[in-house]
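Here's the structure, in structure tokens; my notes come after.
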Number of protein chains: 2
Amino acid sequence: MLLRRLESIATLSDEEREAIQRLPINVRVLKAGQDIVRDGERPSQSCLLVEGWAFRYKLIHEGRRQILSFHVPGDLPDLQSLHIHTMDHNLATLTNATVAFIPHDGLRELTRHFPDVAAILWRETLVDAGVFREWMTGMGRRSAYERLAHLFCELYLKLQAVGLADEHRCPLPMTQSDLGDALGLSNVHVNRTLQEMRGKGLITLRGNALIIERWNELLRACEFDPTYLHLEKRAAG
Amino acid sequence: MLLRRLESIATLSDEEREAIQRLPINVRVLKAGQDIVRDGERPSQSCLLVEGWAFRYKLIHEGRRQILSFHVPGDLPDLQSLHIHTMDHNLATLTNATVAFIPHDGLRELTRHFPDVAAILWRETLVDAGVFREWMTGMGRRSAYERLAHLFCELYLKLQAVGLADEHRCPLPMTQSDLGDALGLSNVHVNRTLQEMRGKGLITLRGNALIIERWNELLRACEFDPTYLHLEKRAAG
DNA sequence: CGGACAATTGATCTACCTCAAAATTGGTGG
DNA sequence: CCACCAATTTTGAGGTAGATCAATTGTCCG
């Protein structure tokens, strides 16, 4: 899985491929809503999300929560802990999930010997930061409607890139409160904004499935520009 | 300067130090308000801010602007372009500034031969992302007053870490509109919030100088926790 | 079938926005 | 050193996107 993801970004040599496959891995199956790493901890491993969804979040006073990112299979959601030793946020499962833990020692060894692999991993963390920048821009300068539309575009493309979405349909396993915490809105306002979006016929949202009925209009509504996802080199599947 | 910054984070070997000093560098003096790199460009170099301030920003419809970060001497504000080839935002000077440009070729060569140096640079970009996460949290879940207080704490500590601030005083060369664009607020509301903060005797702000009159209260007002800046290992000066 | 959780609705409130004008400041050239 | 210009800061008035609180309804699942 890790291999698959990395190879979708760049070509690896046999030697590199082999070294990656030799990484000690500890696979675990987790229930939905479980913390994987917590704020303040100093983990000695990072994880690869193999199946299911995860999200990162911060807590502040009075139970206020800010969701920082959503993650899908293939993501390395806490790779930053390889070089930033103290966690400054939490990582948790959103759905039931399969997670592969990789010790930092092994990763450090790998990156020491294979600078090209290091560059790919480094790049992953940089794309991550690019998504943060885009979210910041949304929270600072976009309306609720635009933010929601933007998030749907982003998630659809991310899922499509790993073969989990197609034909403008994708799973969307989070609650409206989760969406609110991700976009800096109240759950009530998310609900009303979704109704507006449905009313305009842009989307259908039932159960945990999102259908984007009018992709082009959705893009236009939020001025979506996918550059920041830096998916160019990544093959679908 | 680059050396000084890197050594403040970790110890370098003689060999590493030498290689860094051999990097070809192109120093330029820029006026305030000039773009250094623009959204959509594919730069072949990154820069080190030697003197003055810089900031990164995105533009969306109707001239709306989101400032993503402020940078002070010692920062490498566009290091991400080393591995993410297309810029997804702009970088500009806030004040007159001296900037040293370092070609990507040289940096890639350096990181290829010295994995420890690569790790330090990687870490820099990860701290950058940590600051984005904190700002996101502020924009999503903190009040205008808290956001402003939080930004002041952050900037003061960043400046102190490089010896540009002391005794709870520091330069603050941005306008209230800049602050607004950084925090997702209107300039008018920034103004009123600053008045409130001054009224409570927490700060003095005149010209381009910020004096934090009651550090502890300012910290408390925004629940500031400096962990996310990951300044631990960095020596002042 | 019941219990828990999520979505929806209604009513009210407020933090922050917009627009526009006035006051202040800082830099510049004479 | 002063006068002037442009850029900022400050003030006022009014408006609104989105928050909060509190039900009510719907849905899923064991």
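To find a chain, count down the sequence lines: A is the first, B the second, and so on, and within it residues start at 1.
Considering only side-chain atoms of Q176(A), the nucleotide from dT18(C), dT9(D), dT8(C) that sits closest is dT8(C). Side-chain proximity of S186(A) to the nucleotides dT18(C), dG18(D), dT20(D) is greatest for dT20(D). Checking dT20(D), dT9(D), dC17(C) against every side-chain atom of N191(B), the shortest atom distance belongs to dT9(D).
G180(A) comes within contact range of no nucleotide atom at all, as no heavy-atom separation falls under 4.0 Å. Heavy atoms of R142(B) sit nowhere under 4.0 angstrom from any nucleic acid atom. Residue T193(A) is out of contact with every strand shown, counting any heavy-atom pair closer than 4.0 Å. Within 4.0 Å of T175(B), counting heavy atoms only, lie sugar-phosphate atoms of the nucleic acid but no base atom. Nucleic acid contact class of R141(A) (heavy atoms, under 4.0 Å, all strands): none. Heavy atoms of G184(A) sit under 4.0 angstrom from primed sugar atoms or phosphate atoms, though from no base atom. L194(B) comes within 4.0 angstrom of no nucleic acid atom, judged by non-hydrogen atoms across all strands.
Proximity of a side-chain donor or acceptor of R141(B) to a complementary backbone N or O of I60(A) within less than 3.5 Å is not detected. Listed for the R147(B) side chain is a donor-acceptor partner under 3.5 Å among the backbone atoms of R142(B).
Under 4.0 angstrom from either OP1 or OP2 of dA7(C) there lies no side-chain N or O belonging to Q195(A). The phosphate of dT18(C) has neither OP1 nor OP2 within less than 4.0 Å of any side-chain N or O from R192(B).
The CE-P distance, from M174(A) to dA6(C), rounds to 13 Å in whole Å. Protein atom CG of L185(B) is 16 Å distant from nucleotide atom C1' of dT16(D), rounded to whole Å. Distance NE2 (H189(A)) to P (dG10(C)): 16 Å, rounded to an integer number of Å. In this structure, L179(A) places its CG atom 16 Å from C1' of dG18(D), rounding to the nearest Å. Across the protein-nucleic acid pair, L94(A) atom CG and dA6(C) atom P stand 11 Å apart, rounded to whole Å. When rounded to the nearest whole Å, the span between CD of E62(A) and C1' of dT20(D) equals 12 Å. Atom CG in L205(B) sits about 8 Å away from atom P in dT9(D), given to the nearest Å. Atom C1' of nucleotide dC16(C) and atom CD of E196(B) are separated by 13 Å, given to the nearest angstrom.
Under the side-chain hydrogen bond (donor to acceptor under 3.5 Å, both in side chains) criterion, R192(A) pairs with no residue at all, not counting sequence neighbours.
S46(A) and S81(A) form a side-chain donor-acceptor contact under 3.5 Å, judged by distance and modelled atom types alone.
Residue order along DNA chain D, read from the 5' end via each residue's closest nucleotide, puts S177(B) first among S177(B) and N187(A).
Ring planes of H168(A) and W215(A): parallel class, angle under 30° (limits at 30 and 60°).
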